[in-house]
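Before any comments, here is the structure.
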Amino acid sequence: MNDDIPLATGLYISGPVGCGKTFLADCILKKMESVTRIRAIDLPRMYRESESEFIQVVRNNRGPIMVDDVGCETKCSYWGSHIEVFAELIALRAEIPAAMIMTSNLPLKHLDPKVDTIAKRYGDRIASRIGGMCWVVNVNGVDRRPEAKGKL
């Protein structure tokens with residue numbers, strides 16, 4: 001085993017809609033035990049329902065966390081403030097030696113300023129933290145979902 005590679009390295013999988021990011025993550029998750037799976041779209045609701053419980057789950061969970069479809073969630077209005085809950089999750093999780101697997105249509109960064117990215121959405125600090133926590137995999141391909149082909 002190579003001592004240069006941290007054991008708790010996560011995975012950030014990005015690519016176009018329907019190319020198989022979640023399918024790939026699910027295949028990896030089948031080999032892991034006690035994974036906490038969160039849909040990014042549910043993050044604002046989870047935070048509003050119980051901020052302290054959300055923080056405890058993220059901080060105290062030493063097992064892998066999978067966050068699916070990062071970037072699709074809305075900002076959370078919480079006591080008059082607008083909060084990017086995913087950014088809060090990354091800030092809480094960055095120092096914990098446990099893996100995270102994330103999928104998103106947004107790359108961390110891109111040379112074309114017209115392309116939406118994690119850095120644009122959440123800021124360079126969050127993009128840098130994700131880059132430090134995870135191996136970054138960019139998946140390419142066409143939409144393979146049945147509904148995209150007209151087959152339901």
Side-chain angles (χ1 to χ4, degrees), residues 1-48 54 57-59 61-77 82-152:
M1 182 172 209
N2 185 347
D3 292 334
D4 296 336
I5 300 173
L7 292 175
T9 300
L11 192 60
Y12 181 82
I13 307 168
S14 68
V17 172
C19 70
K21 301 175 297 291
T22 301
F23 178 77
L24 174 60
D26 285 340
C27 289
I28 294 167
L29 293 174
K30 287 179 183 175
K31 300 293 181 185
M32 302 173 117
E33 293 181 20
S34 65
V35 175
T36 300
R37 187 182 175 120
I38 303 169
R39 294 180 331 150
I41 201 164
D42 294 333
L43 287 170
R45 178 191 49 77
M46 291 169 60
Y47 192 87
R48 277 191 306 269
F54 173 84
V57 165
V58 174
R59 275 195 181 149
N61 186 340
R62 299 294 180 198
I65 292 179
M66 195 285 205
V67 183
D68 191 28
D69 213 4
V70 172
C72 75
E73 75 281 1
T74 60
K75 288 184 181 180
C76 178
S77 293
H82 293 289
I83 298 168
E84 286 283 11
V85 181
F86 177 73
E88 294 289 319
L89 182 146
I90 293 300
L92 290 168
R93 198 66 185 176
E95 303 303 320
I96 298 172
M100 282 192 71
I101 297 176
M102 297 168 264
T103 66
S104 180
N105 295 338
L106 304 175
L108 288 183
K109 294 185 177 190
H110 199 278
L111 296 175
D112 185 347
K114 296 176 188 168
V115 175
D116 287 333
T117 64
I118 291 293
K120 280 185 188 176
R121 170 77 191 261
Y122 306 105
D124 287 332
R125 180 179 304 241
I126 297 300
S128 175
R129 284 188 175 178
I130 293 171
M133 294 166 61
C134 300
W135 293 101
V136 178
V137 176
N138 296 308
V139 179
N140 292 315
V142 297
D143 191 341
R144 297 184 180 272
R145 293 181 180 146
E147 58 269 15
K149 297 177 182 179
K151 301 175 188 172
L152 292 178

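More than 12 heavy atoms of other residues, nucleotides or ligands sit less than 6.0 Å from atom CZ of Arg121. No more than 12 heavy-atom neighbours from other residues, nucleotides or ligands sit within 6.0 angstrom of CZ on Arg125. Heavy atoms of other residues, nucleotides or ligands lying less than 6.0 angstrom from CZ of Arg59 number 12 at most.
The line from OH of Tyr12 to CG of Leu108 is 5.0 Å long, rounded to the nearest 0.5 Å. Atoms CG and OG1, on Leu29 and Thr36 in that order, are 10.5 Å from each other to the nearest 0.5 Å. Once rounded to the nearest 0.5 Å, the distance linking NZ of Lys109 with OG1 of Thr117 reads 8.5 Å. Expressed to the nearest 0.5 Å, how far CG of Asp42 lies from SG of Cys72 amounts to 8.5 Å. Atoms OG and CD1, on Ser104 and Ile13 in that order, are 11.0 Å from each other to the nearest 0.5 Å. Between Leu106 atom CG and Asp116 atom CG the span is 6.5 Å, to the nearest 0.5 Å.
A donor-acceptor pair is defined here as one N or O able to donate and one able to accept, closer than 3.5 Å; such a pair exists between the side chain of Lys120 and the backbone of Val115. Not a single donor-acceptor pair under 3.5 Å links the side chain of Glu88 to the backbone N or O of Phe86. The backbone N or O of Asp69 sits nowhere less than 3.5 Å from a side-chain atom of Arg39 that would complete a donor-acceptor pair.
Contact annotation: the side chain of Ile90 approaches that of Met102 to within less than 4.5 Å [non-hydrogen atoms, C-beta and beyond]. For the pair Val137 and Leu11, the minimum side-chain heavy-atom distance is below 4.5 Å.
Across Cys134 and Met100, no two heavy atoms sit closer than the pair SG-O, 4.0 Å. Residues Ser14 and Pro107 come closest through the heavy atom pair OG-CA, 3.9 Å. The shortest heavy-atom contact between Val35 and Met32 is CG2-CB, 3.6 Å. Ile101 and Ala25 make their closest contact through CG2-CB, 3.9 Å (heavy atoms, listed as atom of the first residue, atom of the second, distance). Taking both residues in full, the closest heavy atoms of Cys19 and Pro16 are given as SG-O, 3.2 Å, listed atom of the first, atom of the second, then distance.
Identified under the salt bridge (Lys or Arg N to Asp or Glu O under 4.0 Å) test for residues 13-23, with sequence neighbours left out: none.
Partners of Ala87 under the side chain to side chain contact (heavy atoms under 4.5 Å, CB included) rule, at least two apart in sequence or in another chain, are Glu84, Tyr122, Ile126.
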